[in-house]
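Indexing begins at 1, ligand by ligand and atom by atom, following the structure's order.
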Amino acid sequence: MSVYKNENIFSKILSGEIPNNTIYENEYVLAFEDINPQSPVHALLIPKGKYTSMTDFSENASDKEIVAFIRAISQITKIKGINDTGYRIISNSGPDSSQEVPHLHFHIVGGRKLGSILP
Ligand code: 5GP
């Protein structure tokens with residue numbers, strides 16, 4: 001498992017060093033608009049804790065962090081108005097997935113027909 005690097009972009013967003021368009025926030029999570037949206041709705045959901053990937057989070061996060069992360073999904077989809085039309089959640093973990101930012105994030109995409117699961 002890779003070691004968490006504090007200089008990653010999402011760490012800087014959490015510290016306020018880089019601005020973001022916040023969709024939803026609580027003690028454990030932050031959700032914000034992706035800077036380069038791939039669909040009409042493209043939210044990023046991140047834990048406030050320092051986890052590199054889904055593997056790291058799944059192994060090491062507390063129950064409270066995990067529950068808060070999953071519960072946040074419906075808050076975000078409600079705010080973005082995509083519960084009825086549908087959406088897809090993607091989480092890239094590690095080199096084969098082309099994960100760019102080494103802080104766990106869920107992409108929540110919707111607002112159009114999304115096509116097949118893999119390009
Ligand atoms: P990954 O490839 O790691 O799964 O996805 C990283 C995502 O972060 C990309 O969709 C990219 O557009 C987004 N991103 C990269 N830098 C920034 C930034 O500074 N602000 C925001 N809001 N999103 C970013």
Side-chain angles (χ1 to χ4, degrees):
M1 187 184 63
S2 57
V3 174
Y4 188 85
K5 297 186 185 79
N6 278 316
E7 66 273 18
N8 78 75
I9 288 165
F10 294 169
S11 174
K12 290 180 179 174
I13 284 178
L14 283 170
S15 70
E17 204 178 319
I18 293 177
N20 75 92
N21 289 326
T22 300
I23 298 165
Y24 175 79
E25 183 172 15
N26 67 26
E27 186 183 347
Y28 297 104
V29 307
L30 176 68
F32 52 96
E33 305 286 354
D34 195 291
I35 204 168
N36 183 23
Q38 303 299 307
S39 55
V41 174
H42 189 163
L44 295 170
L45 169 62
I46 66 174
K48 289 190 174 177
K50 298 178 177 192
Y51 300 101
T52 57
S53 68
M54 201 57 213
T55 310
D56 185 13
F57 190 68
S58 172
E59 280 183 349
N60 300 311
S62 68
D63 290 359
K64 278 188 176 173
E65 288 174 302
I66 292 170
V67 169
F69 195 69
I70 298 300
R71 293 260 186 242
I73 294 167
S74 63
Q75 299 296 323
I76 296 156
T77 56
K78 227 178 278 178
I79 290 166
K80 299 306 290 183
I82 54 172
N83 270 325
D84 292 339
T85 48
Y87 57 91
R88 182 173 293 159
I89 294 174
I90 299 160
S91 188
N92 294 317
S93 276
D96 275 357
S97 73
S98 304
Q99 179 182 8
E100 283 175 13
V101 182
H103 180 116
L104 168 64
H105 48 285
F106 275 7
H107 298 258
I108 302 174
V109 292
R112 67 167 168 82
K113 293 276 184 212
L114 293 166
S116 61
I117 191 164
L118 292 175

* Would you find a donor on one side and an acceptor on the other, under 3.5 Å apart, between the side chain of Ser15 and the backbone of Lys12? -> yes
* Heavy atoms under 4.0 Å from ligand 1: which residues qualify? -> Ile9, Phe10, Ile13, Phe32, Glu33, Asp34, Ile35, Asn36, Leu44, Asn92, Ser98, Gln99, Glu100, Val101, His105, His107
* Relative to the ring of His42, is the ring of His107 parallel (under 30°), tilted (30 to 60°) or perpendicular (over 60°)? -> tilted
* Answer yes or no: are there more than 12 heavy-atom neighbours, outside Arg88 itself, under 6.0 Å from its atom CZ? => yes
* **Whether Thr77 side chain and Ile73 backbone form a donor-acceptor pair below 3.5 Å** => yes
* **Main-chain N/O of Phe57 paired with Glu59 side-chain donor or acceptor, under 3.5 Å** => no
* Asked: Quick one: side chain to side chain donor-acceptor pair (under 3.5 Å) partners of Tyr24, sequence neighbours excluded?
  -> Asn26
